[in-house]
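Chain letters run A, B, ... following the sequence lines, proteins first, then strands; residues in each count from 1.
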Amino acid sequence: MSDVQPAVALDIYRRVLNIRRFEEEVGRLFTAGELPGVVHLYIGEEAVAAGVCAALRDDDYVTSTHRGHGHVLAKGGDLNRTMAEIFGKETGYCRGKGGSQHIADFSIGMLGACGIVGGGMPIATGAGLSIKLRKTDQVSVAFFGDGAANEGSFHESLNLASAMTLPVIFVCENNQYGEFTPARDTMNIEDIAVRAGGYGMPGHIVDGTDALEVHAVVNQAVTRARNGEGPTLIEAKTHRRGGHAEGEEAFLAGQTYRLPEEEEMARLRDPLLILHERILHEGVADAHALENIEQETTRRVADAVTFARESPWPAEESVLEDTWA
Amino acid sequence: MSDVQPAVALDIYRRVLNIRRFEEEVGRLFTAGELPGVVHLYIGEEAVAAGVCAALRDDDYVTSTHRGHGHVLAKGGDLNRTMAEIFGKETGYCRGKGGSQHIADFSIGMLGACGIVGGGMPIATGAGLSIKLRKTDQVSVAFFGDGAANEGSFHESLNLASAMTLPVIFVCENNQYGEFTPARDTMNIEDIAVRAGGYGMPGHIVDGTDALEVHAVVNQAVTRARNGEGPTLIEAKTHRRGGHAEGEEAFLAGQTYRLPEEEEMARLRDPLLILHERILHEGVADAHALENIEQETTRRVADAVTFARESPWPAEESVLEDTWA
Amino acid sequence: MPRKASVDAIREALRSEMQRDESVVVMGEDVKLAVFAGTRWLHREFGDERVINTPISELAVAGAGIGAAATGIRPVIDLMFGTFLYLALDQIANQAGAMRYMFGGQTKLPLVFMTVNGSGISAGHHHSQPMHPLFMNMPLIKVIVPSTPYDAKGLLITAIRDDNPVLFLSPLALGSLRGEVPDETYTIPLGEAAIRREGDDVTICTVGAMSRRCMEAARTLAKEGIECEVIDLRTLKPWDKACLLRSVRKTGRFVAVDESFPVCGAASEWAATVAEKAFQHLRAPVQRVSNLDVPLPFSPVLESAAVPTTERIVDAVRRCMQAEPA
Amino acid sequence: MPRKASVDAIREALRSEMQRDESVVVMGEDVKLAVFAGTRWLHREFGDERVINTPISELAVAGAGIGAAATGIRPVIDLMFGTFLYLALDQIANQAGAMRYMFGGQTKLPLVFMTVNGSGISAGHHHSQPMHPLFMNMPLIKVIVPSTPYDAKGLLITAIRDDNPVLFLSPLALGSLRGEVPDETYTIPLGEAAIRREGDDVTICTVGAMSRRCMEAARTLAKEGIECEVIDLRTLKPWDKACLLRSVRKTGRFVAVDESFPVCGAASEWAATVAEKAFQHLRAPVQRVSNLDVPLPFSPVLESAAVPTTERIVDAVRRCMQAEPA
Ligand SMILES: Cc1ncc(C[n+]2csc(CCOP(=O)(O)OP(=O)(O)O)c2C)c(N)n1
Ligand SMILES: Cc1ncc(C[n+]2csc(CCOP(=O)(O)OP(=O)(O)O)c2C)c(N)n1
Ligand SMILES: [Mg+2]
Ligand SMILES: [Mg+2]
């Protein structure tokens with residue numbers, strides 16, 4: 001912790017907890033049948049979004065994935081509007097047009113979750129190009145999964161960003177699964193970070209369950225990017241706590257796909273517990289202070305649910321709105 | 001030469017010369033306005049196709065590129081039918097439907113040239129999958145350029161081939177240009193072979209102007225593939241002798257894009273001269289024998305031109321043939 | 001006859017053909033556990049070599065299918081959601097559809113691409129687009145959109161035995177629909193429509209999930225004394241033009257109902273064909289009912305407004321009936 | 001007025017807008033030396049930062065355009081041949097066309113994709129496909145296919161100033177065609193057709209390279225006393241439905257001529273629209289003239305047989321004139 005400021009650690013803690021409590025609630029709401037469509041929870045991976053976004057400014061950009069709630073919240077997204085969007089309500093970020101897999105908040109540089117695996121990387125690269133052309137010192141971050149690292153968009157984006165020296169940070173959330181298929185079945189390498197060498201950019205591996213470690217590595221990449229030195233690939237090794245999508249038991253019909261050791265590891269390496277412990281252990285804050293944050297977070301999540309529930313559905317006519325600019 | 005059999009060296013020499021004389025003739029025919037469409041010549045790169053294909057059997061597969069004449073001929077394609085196809089005649093390999101960029105001869109495992117940069121790599125990978133499923137010891141080779149190495153298809157194909165341990169050899173013809181753009185502007189690495197590491201497969205760099213060197217490296221990869229050990233990436237450093245496409249002067253309108261040193265290098269590292277010299281120097285054959293090959297080749301190319309010129313155009317009705325199988 | 005879900009019918013078709021011909025293999029992302037269940041459990045019977053989980057690499061997987069099909073394998077490629085086909089489109093349009101022709105007939109390509117198609121479960125735009133018109137526009141690719149479990153099984157078996165690239169698009173909304181499906185193997189020829197209901201007043205042409213909605217509309221209209229003939233094309237390419245034209249020549253009125261974007265959609269093609277080939281028999285303007293020309297919205301209330309509803313179909317038929325003869 | 005080639009008109013449009021607005025940048029493979037010349041030499045005036053040679057990575061380049069457009073840049077992306085758009089289609093359909101809507105109107109995307117389109121130079125299937133119907137089918141993407149250098153310049157300027165994704169498809173056959181083009185900057189509104197020739201007997205609707213062929217056909221037919229009204233739509237989305245319907249209401253006869261694959265092609269859409277909205281005025285079956293439903297063959301004799309010829313257009317008009325009134 002030596003090199004992390006207490007304020008930063010608490011800031012990150014708030015982000016992690018915010019995501020955790022929000023996602024737990026989303027899971028409950030899904031099970032209760034209150035949510036349309038499908039949701040992919042970010043539980044177990046909070047340290048990545050939180051550690052990354054704490055290193056960013058409001059005017060920095062991120063692009064996200066199908067598992068995007070954590071990225072929206074970590075970037076500073078509003079809980080009410082996020083929850084309302086997941087409900088499909090008019091007050092949601094996208095007026096109910098996007099839903100869980102398509103939340104964006106352009107006012108804080110959150111350029112959108114994305115239902116297409118790998119689809120966000122080219123867009124983050126383009127935001128990086130825009131930064132370079134406009135000669136600002138912003139940075140652009142692309143979140144993506146281990147599965148997405150096998151898409152052509154990964155390759156083309158990293159190469160483009162490196163060839164053009166763009167301020168882009170590619171953050172691979174390696175939770176070791178793409179849906180139900182383990183990464184070891186779909187790639188013949190241990191570490192996705194080695195691919196960085198193929199583009200002439202630095203590649204780092206970081207413990208993605210430790211938000212402070214993530215934060216430290218990302219900080220380096222951010223500095224590099226702001227200095228005009230180009231992109232970085234960061235592989236955060238992490239674990240998906242639950243299934244690929246909520247409700248998957250229904251169609252798994254008793255099939256299993258995770259190794260018991262790996263499930264055990266996902267429980268042990270809980271980013272919230274790890275950070276909680278580090279903060280107490282290194283005296284950044286005491287249990288009481290953390291308990292206050294907990295209560296505040298729980299309340300805000302509960303408020304978001306109330307807000308979403310009480311919000312109106314979009315008017316049917318709005319199906320024809322938000323078309324041509 | 002120690003490890004190359006004289007018969008193999010002469011076989012490779014025939015292939016190199018065959019391509020050279022054929023392509024020179026195609027260039028002349030294009031300039032004379034006898035050919036429809038556009039042609040991309042393989043002159044300067046003959047050592048790659050010849051060195052590779054001499055290591056293959058008739059039942060091995062190759063997929064090719066927009067610059068495909070050399071691959072067709074090196075794999076054993078018929079000069080007459082190749083030339084007739086380039087003319088757009090009924091007697092061509094594809095009955096005039098394909099043309100220069102779409103020549104195939106399935107009877108010798110030549111699965112097609114391809115106008116889409118990078119388009120052949122997934123197909124070669126699929127042929128590799130087929131080999132594995134049918135449990136034969138064939139191999140499958142994908143030729144592609146340095147430019148193609150930036151396409152998503154490159155990434156996905158190499159990863160797929162490696163994840164599934166397929167008998168595929170990816171041969172990158174690095175002639176340092178994609179059209180008029182130097183590779184150094186579009187990638188931030190020196191050697192494309194380094195990308196192999198990102199897929200967990202071996203990557204080799206070879207002097208692509210020396211057919212015997214190419215042959216030696218490919219032989220290793222072929223052995224590996226036939227043994228079921230999986231794919232290899234081979235980067236052959238080579239030079240395009242002429243322009244990207246014949247007749248490009250017309251639209252370049254005086255613009256130049258090649259460094260003088262590089263053009264000079266392309267002249268110096270002439271694969272035909274290099275092989276010619278090595279064969280004489282190492283006593284594989286004497287000048288007289290090579291001269292005989294030269295004459296025979298020249299005659300066969302001339303015959304191919306006559307054949308193509310005298311062949312009929314496709315009947316207009318044949319536009320509706322070769323549709324559903 | 002036993003009643004089965006559409007996904008079970010699909011699995012039966014795959015099993016039947018995998019048992020019959022060992023060159024048939026199934027590959028795609030997560031085909032073993034199988035979100036859409038059509039391929040689920042097959043690996044237990046046929047092993048990991050013939051039921052292959054691939055990386056998430058649509059372009060290379062599609063291309064690998066092509067390379068395998070050209071060299072002795074009959075791949076069935078599951079690409080999950082139709083929308084992901086965009087990523088594979090280069091290989092499908094430029095290679096699968098063109099290879100045989102481009103190479104002068106040198107090869108055949110026995111190859112099936114399977115995905116779900118269209119909307120209906122609040123999956124959002126990236127998982128809900130109807131893809132069939134894009135493929136109808138591409139030469140030499142066959143396109144199937146079944147509307148019942150029975151058709152799904154019979155058409156898929158035919159598709160697997162076909163020596164050409166075939167796109168098999170299951171309506172997303174169909175997934176859990178049950179219907180009668182014999183246990184035996186049977187085939188349904190491609191290009192043969194099913195007349196779901198006979199009627200003399202107006203012809204409704206449709207496909208896939210809209211088939212049921214058209215039947216609903218027809219029942220409503222029957223109460224008003226309007227008898228609709230409902231044609232479910234089942235395959236969009238090749239397609240049963242003759243059946244459609246025969247019907248329109250009888251009824252003199254035509255409504256095209258299709259769950260796809262409206263411009264250059266399937267309904268456009270059917271309507272144009274009728275206006276070209278059955279014009280002399282038409283007694284009213286043709287009518288089209290398609291999606292609104294917007295991306296598929298997430299919220300259920302918006303999503304259902306974006307696709308043809310039974311009401312919109314009923315209205316279109318009524319408009320047809322009210323039109324003054326020319 | 002000075003006569004200029006189409007590529008020069010395109011370059012003038014780009015120069016005009018790059019001078020006017022420094023957020024306009026041009027990127028693509030080889031845009032500096034520029035095979036199609038529209039972007040050639042611009043880097044000398046605007047520098048390497050605003051005229052960017054990219055790697056051969058259509059998907060990422062398209063996506064980068066989207067990311068840049070969403071964050072303050074107005075990119076013009078040159079993807080060279082229309083067929084290469086398949087590789088970028090995921091980003092174009094799933095992101096460019098959908099982003100604004102999907103995100104509830106949060107962003108605009110001032111973004112132009114430019115390619116050549118269609119056949120005519122024996123380039124073979126991989127470089128000759130007409131792509132416009134695919135994009136007409138996708139929501140919220142504007143589609144332009146100019147037929148003259150004058151239109152190319154004016155429409156491209158409008159496209160660059162538009163805040164939505166626009167696809168600018170130059171007919172491949174148009175490349176070196178010359179025509180009158182003012183030196184000044186001017187705009188042509190999207191969605192406004194040009195009536196190339198007035199006539200009372202039959203309406204021909206077309207776009208792009210077929211425009212000239214339709215004019216040839218019209219001249220031939222005029223000698224037989226048949227007066228064609230030739231409508232060149234210029235933009236396919238949004239499109240000038242009103243102009244087309246006005247004309248058909250006058251002539252009572254309709255021929256749709258389009259260089260694209262025939263099923264779900266542009267001609268299908270126009271014919272369906274006429275049958276829907278101008279049926280009462282139609283005195284003969286609508287006629288479509290499109291490509292044959294095969295890949296584009298290489299050999300000149302086959303290639304020209306695959307696309308609409310003047311003779312096929314003339315025949316279609318004659319068929320129209322001979323039809324018995326209903
Ligand atoms: C292009 C595309 N292909 C497939 C899918 C289906 N799909 C949704 S999530 C997913 C797995 C993604 O794995 P990964 O990138 O590791 O992300 P994770 O879910 O593990 O966060 C797949 C295959 C998709 N949405 N988009
Ligand atoms: C998908 C695609 N993008 C762009 C092109 C246009 N194009 C044709 S050849 C070429 C350069 C290819 O470079 P490289 O792969 O190095 O092959 P080389 O020509 O040097 O042999 C380009 C960009 C194409 N044919 N296909
Ligand atoms: Mg994952
Ligand atoms: Mg090259």
**Message:** If I compare all heavy atoms of D:Gln91 with all of A:Pro122, which pair ends up nearest, and what's the gap?
**Reply:** NE2-CG, 3.5 Å
**Asked** D:Ala60 and A:Ser157: which non-hydrogen atoms are nearest, and at how many Å?
**Response** CB-N, 3.8 Å
**Item:** Atom group of D:Glu58 that falls short of 4.5 Å from chain A, counting heavy atoms
**Value:** backbone
**Message:** With a 4.5 angstrom heavy-atom cut-off, is it the side chain or the backbone of D:Ile141 that approaches chain A, or both, or neither?
**Reply:** backbone
**Asked** If you count heavy-atom pairs under 4.5 Å with chain A, which of D:Val61, D:Leu140, D:Ile66 comes out on top?
**Response** D:Leu140
**Prompt:** Which residue out of D:Thr107, D:Asp163, D:Asn94 racks up the most heavy-atom pairs below 4.5 Å with chain A?
**Reply:** D:Thr107
Measure [X] against the heavy atoms of chain D and call it side chain, backbone, both or neither at under 4.5 Å.
{"X": "A:Leu111", "result": "both"}
{"X": "A:Val168", "result": "neither"}
{"X": "A:Ala161", "result": "neither"}
{"X": "A:Glu85", "result": "neither"}
{"X": "A:Met121", "result": "neither"}

**Request:** Start with the C-alpha gap between A:Asp322 and D:Met102, add the side-chain angles, then the distance that decides, and say whether side chain to side chain contact (heavy atoms under 4.5 Å, CB included) holds.
**Result:** CA-CA 8 Å; A:Asp322 306 314; D:Met102 211 161 57; over 6 Å; no
**Asked** Crowded around D:Glu45 CD? As in, over 12 foreign heavy atoms under 6.0 Å?
**Response** yes
With rounding to the nearest 0.5 Å, note down the distance linking [atom1] in [X] to [atom2] in [Y].
{"X": "A:Lys132", "Y": "D:Ile73", "atom1": "NZ", "atom2": "CD1", "value": "12.0 Å"}
{"X": "A:Ser153", "Y": "D:Leu59", "atom1": "OG", "atom2": "CG", "value": "6.0 Å"}
{"X": "D:Met99", "Y": "A:Cys114", "atom1": "CE", "atom2": "SG", "value": "9.0 Å"}
{"X": "D:Gln106", "Y": "A:Cys94", "atom1": "CD", "atom2": "SG", "value": "5.5 Å"}
{"X": "A:Leu133", "Y": "D:Arg74", "atom1": "CG", "atom2": "CZ", "value": "14.5 Å"}

**Prompt:** Going through the checks in order, is the side chain to side chain contact (heavy atoms under 4.5 Å, CB included) test met by A:Leu320 and D:Tyr101?
**Reply:** CA-CA 9 Å; A:Leu320 289 173; D:Tyr101 185 86; over 6 Å; no
**Message:** Here's one to test your reading of the geometry: is the NZ or CZ of D:Lys142 within 45 degrees of the ring axis of A:Trp324 and under 6.0 Å from its centre?
**Reply:** yes
**Cation-pi check, A:Lys97 onto D:Phe103 ring (under 6.0 Å, within 45° of axis)** = no
Do [X] and [Y] have side chains that get closer than 4.5 Å, going by heavy atoms?
{"X": "D:Asp90", "Y": "A:Ile116", "answer": "yes"}
{"X": "A:Arg134", "Y": "D:Thr71", "answer": "yes"}
{"X": "A:Asn159", "Y": "D:Pro55", "answer": "yes"}

**Fill in**
Only one of D:Val25, D:Thr54, D:Ile52 passes side-chain contact (heavy atoms from CB on, under 4.5 Å) with A:Leu129, and that residue is D:Ile52
**Complete:** chain D shares the most heavy-atom pairs under 4.5 Å, among A:Asp105, A:Thr323, A:Leu166, A:Leu160, with A:Thr323
**Prompt:** Thinking salt bridges, do D:Glu49 and A:Lys135 make one under a 4.0 Å N-O criterion?
**Reply:** yes
